[in-house]
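Take a look at the structure set out below.
Residue indices begin at 1 and follow the sequence shown. We count ligands from 1, going down the list as the structure has it; atoms in each ligand are counted the same way. Side chains included, hydrogens not; waters and symmetry mates left out as well; all remaining heavy atoms used.
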Amino acid sequence: MKSNMTPAGMAKLEVNGKTVELPIMKGVDGPDVIDVRTLYKQAGVFTLDPGFTSTASCESQITFIDGEQGRLLHRGYPIDQLAENSGFLEVAYLLLYGHLPTQSEFTDFDKKITMHTMLHTQIDSFFSGFRRDSHPMAMLAGTVAALSAFYPDAMDIHDAEQRELAIHRMIAKMPTLAARVYKYSIGQPFVEPDNNLSYAENFLRMCFSVPAERYAPNPVLTRAMDRIFILHADHEQNASTSTVRLAGSSGAHPYASISAGVASLWGPSHGGANEAALNMLREIGSADRVGEYVQKAKDPSDSFRLMGFGHRVYKNYDPRAKVMQETANEVLDELNIKDPILDVAKALEKIALEDEYFVERKLYPNVDFYSGVILNAIGFPTTMFTVLFAVARTIGWLSQLNESIEDPAARIGRPRQLYTGAGQRDFVAVRDRVSQS
Ligand code: SDX
């Protein structure tokens with residue numbers, strides 16, 4: 001990746017009586033940055049920023065989020081235009097290679113991905129070690145890193161060709177692995193990929209077809225699945241992507257770095273929120289109980305939060321949530337489903353968006369608020385929701401990992417700290433110790 005930062009003056013810092021000058025750098029969009037990489041050398045101090053609310057970890061050219069305006073761009077293209085006009089595999093190409101593919105570029109890419117959809121048969125034996133009721137994310141996390149044991153021919157991340165082959169393999173195999181996780185959890189036989197189908201169609205067939213029945217894909221559900229994959233593909237330096245970058249900075253191969261991302265995504269504050277959001281909507285049960293839960297969410301003494309609400313970056317409506325709500329309406333109409341959960345979600349959104357507590361804190365629905373309604377309508381259990389998020393986000397993780405490896409400024413990530421523990425002291429023999437409690 002060639003750096004695109006441009007100098008925008010100097011920042012002056014007075015530290016312990018010393019004046020330190022640090023370069024201010026400008027990007028193409030978004031806030032400027034103060035480049036602090038020489039701060040410790042110049043002034044002998046670190047910066048402290050738990051949660052990285054004011055810290056950029058890298059320069060990136062893949063995705064841009066304008067939290068105030070609720071804008072999300074992938075290589076400059078707005079998410080709503082991509083969701084409306086593109087397909088997931090085309091967005092995957094865009095994220096990875098930086099431009100929308102020509103027809104021949106896409107045909108070639110589609111063929112490359114399709115040729116890697118199958119898994120080594122011995123991977124299937126991994127599943128028999130899991131209890132049937134294992135959480136699908138436990139099975140996914142446990143098998144993603146193990147993939148590396150079967151594809152040792154392309155593990156050198158500094159060899160561009162090997163790296164690209166490993167990336168193509170992961171994009172292609174994640175849906176097959178995720179479908180196996182689902183089939184294993186419901187005690188049905190694994191279904192092999194059918195390379196005549198599109199990415200989303202293939203995935204839905206591997207999840208929902210059974211040997212005893214003819215399987216007829218539903219184009220509305222296929223389109224909805226593909227759109228959900230697009231909406232979850234990438235999102236700047238979120239927790240799981242930052243985890244992937246940090247893991248990859250040690251030189252770990254893509255399978256190890258992606259499995260670290262899967263683990264980080266599992267948390268209910270991050271990718272696990274879609275499962276938690278639908279469970280919350282089910283617990284609320286009807287629109288007339290929404291007020292009670294809004295009060296709980298506002299109560300500082302109650303740890304309850306509205307799952308699918310709020311975001312570290314968006315202080316406006318998450319543009320993905322808008323598309324997700326439209327898709328939820330489309331799918332439920334198409335399937336002629338009157339899901340009371342959607343009514344609960346809309347009632348909750350209406351009350352929350354008028355309530356001072358949420359307005360003051362700029363808390364809006366995020367990508368996870370409506371996704372569960374659609375995934376539930378398609379037929380997935382809530383425990384599979386984060387697995388689906390991981391299938392989609394794999395391309396974002398791989399694109400960001402690839403960019404970090406190609407970044408000439410990339411070094412092993414090694415944050416420092418502010419130490420506030422015990423000062424140096426000498427060892428005390430056990431006979432001389434007194435109880436600390
Ligand atoms: C994803 O980073 C990404 O880009 C992530 C993601 C992606 O695509 O990768 O977008 C995917 O993870 C979306 C977020 C999914 N998580 C949830 O829906 C879980 C519920 N949301 C929250 O836990 C919270 O909003 C976070 C974790 C998303 C953001 O937390 P922050 O930025 O650290 O904000 P905070 O916890 O400091 O909250 C600020 C205030 C607090 O109140 P005060 O202390 O100021 O009184 O807002 C309150 C919080 O209590 N608040 C909420 C709330 N979220 C924040 N109150 C009620 N319900 C909520 N959901």
**OP:** Assess whether salt bridge (Lys or Arg N to Asp or Glu O under 4.0 Å) is satisfied between Glu354 and Lys350, documenting all intermediate values.
**Re:** CA-CA 7 Å; Glu354 290 162 0; Lys350 186 172 179 316; 3.0 Å; yes
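- A salt bridge does not link Glu330 to Arg223: none of the charged side-chain nitrogens sits closer than 4.0 Å to a carboxylate oxygen.
- Residue Asn238 has at least one heavy-atom neighbour below 4.0 Å for each of these atoms of ligand 1: 2 (O), 3 (C), 4 (O), 5 (C), 9 (O).
- Nearest to atom 13 (C) of ligand 1 among the protein's heavy atoms is Asp368 OD2, 3.4 Å.
- Aromatic pair Phe385/Phe380: centroids not less than 6.0 angstrom apart.
- Closer than 4.0 Å to atom 2 (O) of ligand 1 lies at least one heavy atom of the protein.
- Shortest contact from atom 58 (N) of ligand 1 to any protein heavy atom: Leu306 N, 3.1 Å.
- A salt bridge does not link Lys346 to Glu349: none of the charged nitrogens lies less than 4.0 Å from a carboxylate oxygen.
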**OP:** Show your reasoning for whether salt bridge (Lys or Arg N to Asp or Glu O under 4.0 Å) applies to Asp80 and Arg320.
**Re:** CA-CA 8 Å; Asp80 52 327; Arg320 301 169 296 175; over 6 Å; no
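- By the criterion of a heavy-atom distance under 4.0 Å, the side chain of Leu363, and not its backbone, is placed next to ligand 1.
- Tested against Gln400, the residues His235, Arg245, Arg393 include a single side chain to side chain donor-acceptor pair (under 3.5 Å) partner, Arg245.
- Contacts with ligand 1 closer than 4.0 Å are made by no heavy atom of Lys298, backbone or side chain.
- Less than 4.0 angstrom separates atom 8 (O) of ligand 1 from at least one non-hydrogen atom of the protein.
- Against a heavy-atom cut-off of under 4.0 Å, His311 is close to the following atoms of ligand 1: 2 (O), 3 (C), 4 (O), 5 (C), 6 (C), 10 (O), 13 (C), 25 (O), 28 (C).
- With a heavy-atom cut-off of 4.0 Å, Arg320 touches ligand 1 through its side chain alone.
- Closest to atom 22 (C) of ligand 1, if we only count protein heavy atoms, is Arg305 NH1, 3.6 Å.
- Residues satisfying the side-chain hydrogen bond (donor to acceptor under 3.5 Å, both in side chains) criterion with Ser249, sequence neighbours excluded, are absent altogether.
- Listed by atom number, the atoms of ligand 1 under 4.0 Å from Arg361 heavy atoms are 40 (C), 42 (O), 43 (P), 45 (O), 46 (O), 47 (O), 48 (C).
- Of the polar atoms of Ala273, none of the N or O atoms is found under 3.5 Å from an N or O of ligand 1, judged by distance alone.
- Of the protein's non-hydrogen atoms, the one nearest atom 4 (O) of ligand 1 is His235 ND1, 2.6 Å.
- Crowding of Phe304 atom CZ: a count of heavy atoms from other residues, nucleotides or ligands under 6.0 Å exceeding 12.
- The protein heavy atom nearest to atom 21 (N) of ligand 1 is Phe309 O, 2.8 Å.
- Taking the six-membered ring where the residue is Trp, Phe229 and Phe88 present tilted rings, their angle falling between 30° and 60°.
- Among protein heavy atoms, the minimum distance from atom 31 (P) of ligand 1 is reached at Arg312 NE, 3.6 Å.
- Using a non-hydrogen distance threshold of 4.0 Å, Tyr357 registers as a contact of ligand 1.
- For the residue pair Tyr151 / Gln162, no side-chain donor-acceptor distance below 3.5 Å is found, with atom types taken as modelled.
- Note that atom 26 (C) of ligand 1 has no protein non-hydrogen atoms nearby, at separations under 4.0 angstrom.
- In this structure, His232 does not count as a contact residue of ligand 1, since none of its heavy atoms falls inside 4.0 Å of the ligand.
- Ligand 1 has no N or O atom lying under 3.5 Å from any N or O atom of Phe358, backbone or side chain.
- Once rounded to the nearest 0.5 Å, the distance linking CG of Leu231 with OH of Tyr370 reads 14.0 Å.
- Scored by the side-chain hydrogen bond (donor to acceptor under 3.5 Å, both in side chains) test, Asn218 finds no partners at all (sequence neighbours excluded).
- The distance from ligand 1 to the heavy atoms of Met307 drops below 4.0 Å at these ligand atoms: 18 (O), 19 (C).
- Here the OG-CH2 distance, from Ser242 to Trp397, works out to 12.0 Å after rounding to the nearest 0.5 Å.
- Atom CZ of Arg361 sits about 9.0 Å away from atom NZ of Lys298, to the nearest 0.5 Å.
- When only interatomic distances are considered, the shortest N/O to N/O separation between Val367 and ligand 1 does not fall below 3.5 Å.
- At a 4.0 Å heavy-atom cut-off, ligand 1 does not touch Phe369 at all.
- The nearest protein heavy atom to atom 43 (P) of ligand 1 is closer than 4.0 Å.
- The ligand atoms of ligand 1 that sit less than 4.0 angstrom from a heavy atom of Ala297 are 57 (C).
- Annotation: Ser269 places an N or O atom under 3.5 Å from an N or O atom of ligand 1; distance criterion only.
- With respect to atom 18 (O) of ligand 1, the closest heavy atom belonging to the protein is Gly308 N, 2.8 Å.
- Between Arg205 and Glu192 no salt bridge is recorded (no basic side-chain N to carboxylate O distance below 4.0 Å).
- For atom 12 (O) of ligand 1, the nearest protein heavy atom (residue, atom name, distance) is His270 ND1, 2.9 Å.
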